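Structure record follows, encoded as structure tokens.
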Amino acid sequence: MKAAIVVMYGAARPGHERESISYARDVDEFWLARAREGACSEPTWLWSSKGQSIWFVQGEAPAIFELTMREDVRKMLMKGNMLIEDFSWETCMVGRDEMLSLFDQVAGELAHA
């Protein structure tokens with residue numbers, strides 16, 4: 001099963017514009033290195049013109065969950081909260097068929113309860 005680390009973010013906090021640009025470059029370099037190691041995909045950046053933008057990496061669920069437990073990753077995410085408005089992150093499961101079949105199983109179990 002695959003999972004993703006998904007980050008939603010807005011504009012730089014006032015007075016932190018240069019730090020935010022540097023932070024974005026550091027984040028990209030860090031996750032590109034993890035991708036070269038085979039731990040995840042290269043980062044994908046989705047830029048919104050009117051709301052929150054999105055950034056994500058994905059990979060095998062155990063590797064993604066392990067990455068979220070690393071101190072350097074947790075610090076990186078905390079830094080984002082300090083520098084960027086509307087910053088949040090979550091770990092998501094990836095895959096239409098995998099999740100729909102699981103929902104179908106649970107619905108069947110509830111119907112028999």
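Treat the numbers as computed from the prediction; the structure is a model and nothing was measured.
Tested against Trp55, the residues Trp89, Trp47, Trp31 include a single ring pair (Phe, Tyr, Trp, His ring centres under 6.0 Å) partner, Trp31.
With sequence neighbours excluded, the residues satisfying side chain to side chain donor-acceptor pair (under 3.5 Å) with Glu71 are Lys75. In this view, Ser22 and Asp26 satisfy the side chain to side chain contact (heavy atoms under 4.5 Å, CB included) rule, not counting sequence neighbours.
Arg13 has its side chain out of reach of Met82: every pair of non-hydrogen atoms, C-beta onward, lies at least 4.5 Å apart. Arg34 is listed as a side-chain neighbour of Leu67, based on a closest heavy-atom distance under 4.5 Å.
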Verdict with reasoning, Glu60 to Lys2, per side chain to side chain contact (heavy atoms under 4.5 Å, CB included): CA-CA 4 Å; Glu60 294 301 320; Lys2 294 201 178 285; 2.8 Å; yes

Full working for side chain to side chain contact (heavy atoms under 4.5 Å, CB included) between Leu77 and Thr68: CA-CA 9 Å; Leu77 293 167; Thr68 64; 5.9 Å; no

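Scanning both residues, Gln58 and Ile64, for their nearest heavy atoms gives C-CD1, 3.9 Å.
The same ILVMFWY cluster, assembled from side-chain heavy atoms under 4.5 Å apart, contains both Phe30 and Leu83. Side-chain heavy atoms closer than 4.5 Å link hydrophobic residues (I, L, V, M, F, W, Y) into clusters, and following such links, even through other members, never connects Phe56 to Phe87.
When the shell of 6.0 Å around CD of Glu66 is examined, it contains 12 or fewer heavy atoms from other residues, nucleotides or ligands. Residue-environment remark: CD (Glu42) stays at or below the threshold of 12 foreign heavy atoms within 6.0 Å.
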